[in-house]
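Data block below; observations after.
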Protein chains: 2
Amino acid sequence: MQSSAVSEVERRTQAERTALSDARMLDAAVALICERGSSGTTLKDVGERAGYSRGLASYRFGNKGGLFAFLIRAIGESWLTALRGATRDKVGLAAIEAATDAHYRFVVEGSDAIRAFYILWFESTGPDAELKRVVANIHERRRRDVVAWIEKGIAAGSIDPAVDTLGTAEQFCAAIIGIVYQWLVTPDAAEHLHFLHESLKRQTARALQPPRLTEN
Amino acid sequence: MQSSAVSEVERRTQAERTALSDARMLDAAVALICERGSSGTTLKDVGERAGYSRGLASYRFGNKGGLFAFLIRAIGESWLTALRGATRDKVGLAAIEAATDAHYRFVVEGSDAIRAFYILWFESTGPDAELKRVVANIHERRRRDVVAWIEKGIAAGSIDPAVDTLGTAEQFCAAIIGIVYQWLVTPDAAEHLHFLHESLKRQTARALQPPRLTEN
DNA sequence: ATCATACTTGTTTGCAACAAGCAAGTGACT
DNA sequence: AGTCACTTGCTTGTTGCAAACAAGTATGAT
């Protein structure tokens with residue numbers, strides 16, 4: 001509004017230009033991945049759908065792997081922020097339950113971006129190097145968060161110290177992945193997704209508060 | 001050995017020829033997928049690595065999706081057979097535990113084929129149509145098996161009839177998927193994989209034999 | 001000998017990847 | 001403030017490669 005308010009050509013700084021094209025290409029890529037899958041998404045289409053030339057996505061991200069890594073990073077970051085908000089000040093089972101709820105909401109609400117995110121996530125199982133590293137990194141961070149919650153719960157006295165911390169955390173993360181998988185292949189079953197999250201909370205609660213040992 | 005035993009060119013029936021080339025291309029594809037991922041695997045390389053021309057894989061399977069569907073079907077079938085053997089005559093928790101053990105062994109032993117199988121499995125999360133249907137089908141069959149085991153366990157009196165049959169089955173299948181994911185991204189941790197399977201058995205046992213209700 | 005089926009080779013099309021050019025923003029010097 | 005050299009965002013031209021299909025050759029069947 002400041003410099004040439006009348007001119008139709010809005011003047012932007014270089015940083016703003018890239019930020020804008022990045023954002024537009026992110027949207028375009030998300031839409032394309034949801035529509036055609038990641039292998040059906042071409043760099044050409046990403047650039048053009050974002051309103052630029054066929055070459056821009058290629059130029060900016062180098063190759064398909066670069067684009068995908070960018071997407072995972074960007075969406076993953078926004079997810080991480082949301083998660084931190086949801087679990088702030090919580091420890092132990094309460095934190096895990098809050099995180100599970102947040103995950104459910106995130107999946108249901110953010111739909112398209114999250115779907116693309118997880119499609120890429122699962123794609124990273126092949127030996128595709130870069131993407132694999134990024135995803136493994138996020139996954140590891142998740143696991144560490146869960147471990148920390150359990151340990152703080154133990155310290156606070158709300159969780160049995162005898163609990164297998166690492167094992168439970170891994171089980172929990174594995175279950176989340178499994179749930180997401182179900183959602184991806186059966187996207188319509190929204191209520192079903194809710195059920196699986198609830199069920200996971202119950203199972204984790206049981207794992208963290210083991211029944212009093214019978215003495216044989 | 002029958003017709004021209006001396007001749008170096010062994011005579012085969014047409015059926016044998018295709019069976020042989022199918023098998024060789026399956027091996028080649030498995031190896032390539034493990035080495036380079038599915039997107040890095042070309043039909044040309046599959047044909048040539050199997051000892052044929054660049055065009056054979058394309059001719060036989062039509063397109064990449066066709067090849068992948070073939071792989072999933074072939075490997076999935078062999079897995080299903082192994083599973084049926086392992087759970088024969090078992091019901092309830094015993095069947096589920098046997099199936100879990102069988103899954104663990106299958107993954108550890110069959111390594112390369114199973115890895116390729118699951119890499120493709122996870123890839124099928126995108127909207128790639130054909131592969132997706134095949135995988136969803138196998139997944140559904142698995143789930144139904146688990147439901148049947150639980151129901152038979154209830155009928156046999158070894159499982160509490162109040163148990164949420166479908167929910168537990170889905171939880172179980174989701175956990176298997178999650179475990180496999182872990183293995184794919186961290187293939188070296190073999191003992192870890194064993195732990196996750198054991199842990200899943202324990203959790204499922206708990207879910208199926210809920211602690212006697214406290215009466216509040 | 002003929003026919004059918006397995007397999008190969010030729011050709012087209014489309015994308016990825018890179019290179020070279022054009023355009024828009026930035027900062028310094030007057 | 002104006003304009004000039006430089007940097008950075010973006011586009012267009014080109015090459016190589018794989019998918020997909022068509023047309024041909026060889027091998028087994030009858």
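Below, chains carry the letters A, B, ... as their sequence lines are ordered, and counting in each starts from 1.
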Q: Using the six-membered ring wherever Trp is involved, compare the ring planes of B:His197 and B:His103 and label them parallel, tilted or perpendicular (cut-offs 30° and 60°).
A: tilted
Q: Specify the separation, in whole Å, of atom CG of B:Asp45 and atom C1' of D:dA19.
A: 13 Å
Q. Got a salt bridge between B:Asp45 and B:Arg54, using NZ or NE/NH1/NH2 to carboxylate O under 4.0 Å?
A. no
Q. Choosing from D:dA19, C:dA17, C:dA16, which nucleotide comes nearest the side chain of A:Asn63?
A. C:dA17
**Q.** A:Ser199 side chain to A:Phe195 backbone, donor-acceptor under 3.5 Å
**A.** no
**Q.** Those residues of residues 17-34 of chain B lying under 4.0 Å from DNA chain C by at least one heavy atom
**A.** B:Arg17, B:Thr18, B:Ser21
Q | Touch class at under 4.0 angstrom, heavy-atom based, for B:Tyr59 against every strand present | A | base
Q: Quickly work out the B:Leu56 CG to C:dT5 P distance and round it to whole Å.
A: 16 Å
Q. Taking for each residue the nucleotide of DNA chain D bearing the nearest heavy atom, is the 5' side occupied by B:Ser39 or by B:Thr13?
A. B:Ser39
Q: Nearest whole angstrom, please: distance from the P of D:dT11 to the NZ of A:Lys44.
A: 14 Å
Q. Does the distance from a Lys or Arg side-chain N to an Asp or Glu carboxylate O, for A:Glu35 and A:Arg49, drop under 4.0 Å?
A. yes
Q | For atom CD of B:Gln14 and atom P of D:dT27, their distance in whole Å | A | 11 Å
Q: Specify the separation, in whole Å, of atom CG of A:Leu67 and atom P of C:dA16.
A: 10 Å
Q.
Once side chain to side chain contact (heavy atoms under 4.5 Å, CB included) is applied, do any residues pair with A:Leu80, and if so which ones, sequence neighbours excluded?
A. A:Glu77, A:Arg84, A:Arg141
Q.
Before we go on, tell me: are the rings of B:Trp79 and B:Phe106 under 6.0 Å apart, centre to centre?
A. yes
**Q.** Donor-acceptor contact present, side-chain A:Thr87 to main-chain A:Leu83, <3.5 Å
**A.** yes
Q. Rounded to whole angstroms, how far apart are CD on B:Glu16 and P on C:dC7?
A. 12 Å
Polar atoms only, N or O, under 3.5 Å: list the protein pairs with nucleotides 13-17 of chain D and their distances.
residue: D:dG13; atom: N7; partner: A:Arg54; partner atom: NH2; Å: 2.5
residue: D:dG13; atom: O6; partner: A:Arg54; partner atom: NH1; Å: 3.3

(Q) Does the plane of the ring in B:Phe70 sit parallel, tilted or perpendicular to the ring in B:Phe61? Use 30° and 60° as the thresholds. (A) tilted
Q) What's the CZ-C1' distance between A:Phe61 and C:dC18, to the nearest Å? A) 17 Å
Q) For A:Phe68 and C:dA16, what is the distance between atoms CZ and C1' respectively, to the nearest whole Å? A) 12 Å
Q) More 5' along DNA chain D: B:Gly55 or B:Ala15, using each one's nearest nucleotide? A) B:Gly55
Q. With no hydrogens and no angle check, do the side chains of B:Trp183 and B:Tyr104 hold a donor and an acceptor under 3.5 Å apart?
A. no
Q) From D:dA18, C:dT26, D:dA20, pick the nucleotide closest to the side chain of B:Leu43? A) D:dA20
